[in-house]
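Fair warning: this is a prediction, and the values are worked out from it, not measured in the lab.
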Amino acid sequence: MINKETIVNKNNKFIVGWREIAALPDLGVDDIHVKIDTGARSSCLHTFKIEEFTQNDELWVKFWLHPIHNNTDIEQVCMAKVADKRVVRNSGGDEQLRYFIVSTIDFNGQQWPIEISLTSRDNMAFRMLLGRTAMHGRIIVDPEASYLIQSKEK
């Protein structure tokens, strides 16, 4: 297992497997299973309901997610300021207008802000996908490995 002190090269990049567990502390999400996807430009988070609202003359969203892997009984409500709304082409080639937010991602103490689109991932195995923009300059992916990062509780 790799802990937060592990650095794999002089550029301070650390190794992750093709799937990991991360936290989104700005959203109150302690553990979420993440598929690491170097083929995707942007990151996305599974949401099954989104409501727009205005706060201090800025666009925000309130959204619902299922934070626990393979469990749709537990729901979590989050709120975030909208960073952008833009069209994203999914892996099937379909285009969709999505909200983008900025949130901190945490891999056992390694933290940085990332941009995340909000979309339904009901038919996908992972609640979150980490795209290459969020990995840039920080991560090296070992496609043969899984769950290299120790969670905070372990």
Side-chain angles (χ1 to χ4, degrees), residues 1-4 6-50 61 63-72 74-76 78-154:
M1 289 294 211
I2 294 173
N3 63 34
K4 70 180 181 178
T6 301
I7 304 297
V8 297
N9 66 24
K10 64 183 177 186
N11 296 319
N12 293 336
K13 294 180 183 179
F14 62 98
I15 296 176
V16 299
W18 71 271
R19 56 186 173 176
E20 293 292 345
I21 297 175
L24 301 169
D26 299 344
L27 302 177
V29 177
D30 295 329
D31 287 299
I32 190 160
H33 288 250
V34 180
K35 179 181 179 187
I36 311 299
D37 190 347
T38 60
R41 181 182 327 172
S42 59
S43 301
C44 65
L45 180 64
H46 168 68
T47 57
F48 59 90
K49 181 179 176 183
I50 302 174
V61 284
F63 53 96
W64 285 253
L65 56 94
H66 298 120
I68 300 172
H69 193 62
N70 294 324
N71 184 335
T72 57
I74 305 296
E75 297 179 1
Q76 184 168 341
C78 303
M79 293 188 294
K81 181 179 160 188
V82 174
D84 199 7
K85 282 171 72 172
R86 62 182 181 263
V87 174
V88 174
R89 183 174 294 122
N90 67 21
S91 59
D94 298 322
E95 292 185 340
Q96 178 186 46
L97 182 63
R98 293 186 189 174
Y99 294 98
F100 280 78
I101 63 169
V102 174
S103 182
T104 301
I105 191 162
D106 181 322
F107 283 106
N108 192 27
Q110 298 281 341
Q111 295 186 354
W112 64 96
I114 64 169
E115 190 176 64
I116 305 168
S117 72
L118 305 177
T119 189
S120 172
R121 291 181 55 80
D122 275 332
N123 57 345
M124 303 296 182
F126 291 86
R127 303 286 191 224
M128 184 171 173
L129 182 140
L130 190 72
R132 65 182 180 269
T133 303
M135 295 182 241
H136 186 79
R138 298 180 182 272
I139 288 176
I140 296 171
V141 181
D142 180 346
E144 296 179 53
S146 294
Y147 302 117
L148 295 176
I149 306 298
Q150 294 178 4
S151 74
K152 291 180 181 181
E153 292 78 39
K154 293 180 183 174

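- No side-chain heavy atom of Ile116 sits under 4.5 Å from any side-chain heavy atom of Val102.
- The CD1 atom of Ile149 lies 10.5 Å from the CG atom of Asp106; values are rounded to the nearest 0.5 Å.
- Side-chain atoms of Leu45 and Leu27, non-hydrogen and from C-beta on, do get closer than 4.5 Å to each other.
- For the salt bridge (Lys or Arg N to Asp or Glu O under 4.0 Å) test, no residue two or more places apart in sequence or in another chain qualifies with Glu144.
- Take His33 and apply the ring-ring contact (aromatic ring centres under 6.0 Å, His included) test, not counting sequence neighbours, and it matches His69, Tyr147.
- Using a 30° and 60° split on the angle between ring planes, Phe48 and His66 fall in the parallel class, below 30°.
- Two residues are said to be in side-chain contact when any heavy atoms from C-beta on lie closer than 4.5 Å; Val16 and Val141 meet this criterion.
- Residues passing the ring-ring contact (aromatic ring centres under 6.0 Å, His included) test with Phe63: none are found, sequence neighbours excluded.
- Interatomic distance, CG of Leu148 versus CD1 of Ile36, reported as 10.0 Å (0.5 Å rounding).
- Among residues two or more places apart in sequence or in another chain, the side-chain hydrogen bond (donor to acceptor under 3.5 Å, both in side chains) test is passed with Arg127 by none.
- Under the 4.5 Å side-chain criterion, counting only non-hydrogen atoms from C-beta, Ile101 is not in contact with Asp26.
- Considering only heavy atoms from C-beta on, Ile105 comes within 4.5 Å of Trp112 through its side chain.
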Identify all side-chain donor-acceptor contacts of residues 128-138 below 3.5 Å with residues at least two apart in sequence or on another chain.
residue : atom : partner : partner atom : Å
Arg132  : NH1  : Thr38   : O            : 3.4
Arg132  : NH1  : Gly39   : O            : 3.2
Thr133  : OG1  : Arg41   : O            : 2.8

Side-chain polar contacts of residues 79-88 - donor-acceptor pairs under 3.5 angstrom, sequence neighbours left out - could you list them?
residue : atom : partner : partner atom : Å
Lys81   : NZ   : Glu58   : OE2          : 3.0
Asp84   : OD2  : Arg86   : NH1          : 2.7
Lys85   : NZ   : Glu52   : OE2          : 3.3
Arg86   : NH2  : Glu115  : OE1          : 2.4

Subject >> side-chain contact (heavy atoms from CB on, under 4.5 Å) assessment of Arg98 paired with Cys44 >> reply: CA-CA 10 Å; Arg98 293 186 189 174; Cys44 65; 3.9 Å; yes
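- The shortest side-chain heavy-atom distance between Thr47 and Trp64 does not fall under the 4.5 Å cut-off.
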